[in-house]
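Just so it is clear: chains get the letters A, B, ... in the order the sequence lines come, proteins before strands, and each one is counted from 1. The model shown is predicted, which means the values in this text are computed figures rather than measured ones.
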There are 2 protein chains.
Amino acid sequence: MDIARITIAPSTAFQVHDWLRKRVQQGDLPPGMRISETEVAAAIGISRQPVREAFIRLASDGLAEVRPQRGTYISKISVAAVLSARFIREAVEADLARIVAQARPAEMLDRMADEIARQTAADQAGNVNDFIESDDRFHRLLALAAGQEAVWADLERLKAQMNRLRHLSMRAFDRGFIIGQHQQILDALRKGDADASETAMRTHLRQMLTEVPQMAAARPDYFTD
Amino acid sequence: MDIARITIAPSTAFQVHDWLRKRVQQGDLPPGMRISETEVAAAIGISRQPVREAFIRLASDGLAEVRPQRGTYISKISVAAVLSARFIREAVEADLARIVAQARPAEMLDRMADEIARQTAADQAGNVNDFIESDDRFHRLLALAAGQEAVWADLERLKAQMNRLRHLSMRAFDRGFIIGQHQQILDALRKGDADASETAMRTHLRQMLTEVPQMAAARPDYFTD
DNA sequence: TATGCCATACTTCCATACAAGTAAAGCCTC
DNA sequence: GAGGCTTTACTTGTATGGAAGTATGGCATA
C-alpha cells in the first residue's frame, strides 16, 4: 500500500534559503554582490530573523560569505573549489562508468539515450537551462545504473560552485561538442567496454580544465584564487 | 612580506556549532539523542538564538535533524551515506595514489612514514583518538603529495558520517591490520608502481564494506537505512 | 593640502517575547 | 476497560529592540 504523502508548509527561512540558492546558482545574484538581511527581509515583507537563518544556510552551501558586522556577500567562484570538485567527479564517474559498462542495464542506457535526444533539442532551441538540467540527468542516470544513487546526491553538493560557472560558460562553449561526448560515452557503455567507457568519461570531464581558466580570464571579478 | 594575522573572536553561534560538531563526531552525543535549544542555551548560559543557529549549521552538516515544533535530534548514521562516501573515497584516493606513485615526492612519502610510526605508537598506547587523527593525516598527505589539497577538504565534509562510525568501530577492529595496509600502500608508492598503489588503496578502503554491516548489526539503534 | 578626530549610518549579532504547532498525560464519558 | 476530549507543558518558528562592531564622510586643525 502507498502511504499518504503528508506535506507541511516549509518554514519561511527554508523557503528564503531555497529561493536565494537557486538565484545564486543561476547567476541571478552575481559573485561578489552584497546582500543585506534588512533589505531582503523588507523586500519579501518578513522579519530579519528568517532571512538571517537563510544566509547561514547559504554560507554552509559555500554560496555566501558572512563577514560579521560588515555585510554578507555572494561568494566569488573559487577556482580551487571548482577544480577540486572536477577532480572528484572524474575519479568517481570513471568508476561508475566501469561498473555500468560491466552490468549494461538496458533500460537505464535507453533513458540515457533519451537525455541525449533532449539535449539535442534544447541545443537547437537555444534553451540553456533545459540543456543543463538534461546534462545533469544524464550523469545522474549513470550513478543510478551503477546502483549508487546516493553518490550523485553527494556530488550535487560538491558541484555547487561548478554549476554557477556552467551557467556562465554554457553560452560561450559548444554544446554540440558536449552532446557528441555523451554519445561516445553511451556507445562505449553499450558495447560493455569498460576501458573505453572510462576513457570517454575522463576525456569528457577534463574538458572543464580548459574552460575554467578561460572563464576566469573573461570575468576576473567573478572569481577568486 | 608577511601580512599580519588578525584574528577576531568568533561568534557565539560559531563556537556552539563547533562544540556540538566535535561532540557528535566523537560519539559523545549519540545518534538519535534529542537536543533542545532551550536546554543547551541554559547549560551554556546564553540565549536560544545562537544555539538555534548552531543547530541549523549542524543540520547542514548532516549531523542533526530539526523537526519543526517537535524537537531536534542527533542524526542516526545513515548506512547509505556512509557507503556513498566510501565509494567516493575509493575512487578519488585511487586516482590520488596513481598520481603520487608517478611523482614520488620524497619528502611527502617520508612524512607518510612518520604517520605510520605514530599510528603504531598510538595503537600500543591504546589511544584511539590519536590513531584516528594520524590515520586522517596519512590520507591527507596523499592528497597533498598529489597537489590536490582542496580535494581532501571536500572529502572531509563527506566523511562526517563515516567519522562517527569509526569512533565506534575502532575499538572493535584490528588497528594493527590497518597499519599494515598503510605500509603496503606506502611501499607501492615508493616503488612508483601505480597499479600496485591503486590496488592497495582500494583494498584498504574496501575494508569498510565488511565493517559497516557488522557495526549496524551490533548497534541497530544508532543506524538508519 | 594633508591629517586626525568624530559623528553618523550602516552591518551583523544576541536577547527577549510571543506565536504556532506537537505530544502526552489526565480525565471524563460510555 | 476503551475511546475521545481537554488541558498543559513542552518544542521550534518569527518578530523586534538594542548591543557591538565597521566604514565613511565631514570637519576642525596644523
Side-chain angles (χ1 to χ4, degrees), chain A residues 3-21 23-24 29-76 221, chain B residues 3-21 23-24 29-76 221:
Chain A
I3 59 170
R5 285 194 160 274
I6 309 291
T7 55
I8 52 178
S11 71
T12 312
F14 179 89
Q15 295 179 59
V16 174
H17 170 241
D18 220 48
W19 180 63
L20 289 173
R21 192 171 45 75
R23 292 195 64 191
V24 172
L29 299 176
M33 179 184 180
R34 179 176 191 173
I35 55 179
S36 143
E37 294 177 2
T38 312
E39 281 181 21
V40 175
I44 304 179
I46 58 176
S47 76
R48 288 175 355 242
Q49 203 54 44
V51 176
R52 171 176 173 72
E53 296 178 0
F55 280 15
I56 291 174
R57 288 179 161 97
L58 208 61
S60 286
D61 298 334
L63 296 179
E65 189 179 344
V66 179
R67 300 187 204 170
Q69 271 73 37
R70 291 186 205 199
T72 302
Y73 299 83
I74 303 299
S75 298
K76 298 205 174 185
D221 52 326
Chain B
I3 58 170
R5 283 195 160 272
I6 311 290
T7 54
I8 52 179
S11 72
T12 311
F14 179 88
Q15 294 179 60
V16 174
H17 169 241
D18 221 47
W19 179 64
L20 289 173
R21 192 171 46 74
R23 291 196 64 189
V24 173
L29 300 176
M33 179 183 179
R34 179 175 189 172
I35 55 178
S36 145
E37 294 176 2
T38 312
E39 281 181 22
V40 174
I44 304 179
I46 58 176
S47 77
R48 269 182 49 217
Q49 207 52 48
V51 176
R52 172 177 173 73
E53 296 176 1
F55 281 16
I56 292 174
R57 289 179 161 96
L58 208 61
S60 286
D61 298 334
L63 296 179
E65 189 179 342
V66 179
R67 300 187 204 170
Q69 271 73 41
R70 291 183 205 202
T72 302
Y73 299 83
I74 302 299
S75 298
K76 299 205 173 184
D221 54 324

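- Under 4.0 angstrom from either OP1 or OP2 of dA23(D) there lies at least one side-chain N or O belonging to Arg70(A).
- When the P atom of dG21(C) is taken as reference, atom CD of Glu37(B) falls 17 Å away, rounded to whole Å.
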Test log, rule side-chain contact (heavy atoms from CB on, under 4.5 Å), inputs Phe55(A) and Val16(A)
CA-CA 9 Å; Phe55(A) 280 15; Val16(A) 174; 5.7 Å; no

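- Out of dT12(D), dT11(C), dT11(D), the shortest distance to the side chain of Arg34(A) is found at dT11(C).
- One interatomic measurement links the two molecules: CD of Glu53(A) to P of dA15(D), which rounds to 10 Å at whole-angstrom precision.
- The CD1-C1' distance, from Ile44(B) to dA15(C), rounds to 15 Å in whole Å.
- One can place CZ of Phe14(A) at 12 Å from P of dG13(D), the figure rounded to the nearest angstrom.
- Atoms CG and CZ, on Leu63(A) and Arg21(A) in that order, are 8.0 Å from each other to the nearest 0.5 Å.
- Within the 4.0 Å cut-off from OP1 or OP2 of dT14(D), at least one side-chain nitrogen or oxygen of Thr12(A) is found.
- Listed nucleotides dT12(D), dC14(C), dT11(C) differ in distance to Thr38(A); the shortest reach to its side chain belongs to dT11(C).
- Looking at Arg48(B), its side chain comes within 3.5 Å of the base of dG13(D) through a donor and an acceptor atom.
- In terms of phosphate contacts, Arg52(A) brings no side-chain nitrogen or oxygen within less than 4.0 Å of OP1 or OP2 of dT12(C).
- Partner Ile74(B) forms a side chain to side chain contact (heavy atoms under 4.5 Å, CB included) with one of Arg34(B), Met33(B), Glu65(B) and no other, that one being Met33(B).
- As judged by a 4.0 angstrom heavy-atom cut-off over every strand, Ile35(B) is placed among residues touching the sugar-phosphate backbone only.
- Counted within 6.0 Å of OH on Tyr73(B), heavy atoms from surrounding residues, nucleotides or ligands total more than 12; the atom is thus considered enclosed.
- When every heavy atom of Leu58(A) is checked against every heavy atom of His17(A), the shortest pair comes out as N-CD2, 3.7 Å.
- One finds a side-chain N or O of Ser36(A) lying less than 4.0 angstrom from the OP1 or OP2 phosphate oxygen of dT11(C).
- Counting distance only, with no hydrogens placed and no angle test, the side-chain atoms of Gln69(A) and the base atoms of dT12(C) include a donor-acceptor pair under 3.5 Å.
- Residue Ile46(A) has its side chain nearest to dA15(D) when only dT16(C), dG13(D), dA15(D) are considered.
- Straight-line distance from the CD atom of Gln49(B) to the C1' atom of dT11(D): 15 Å, rounded to whole Å.
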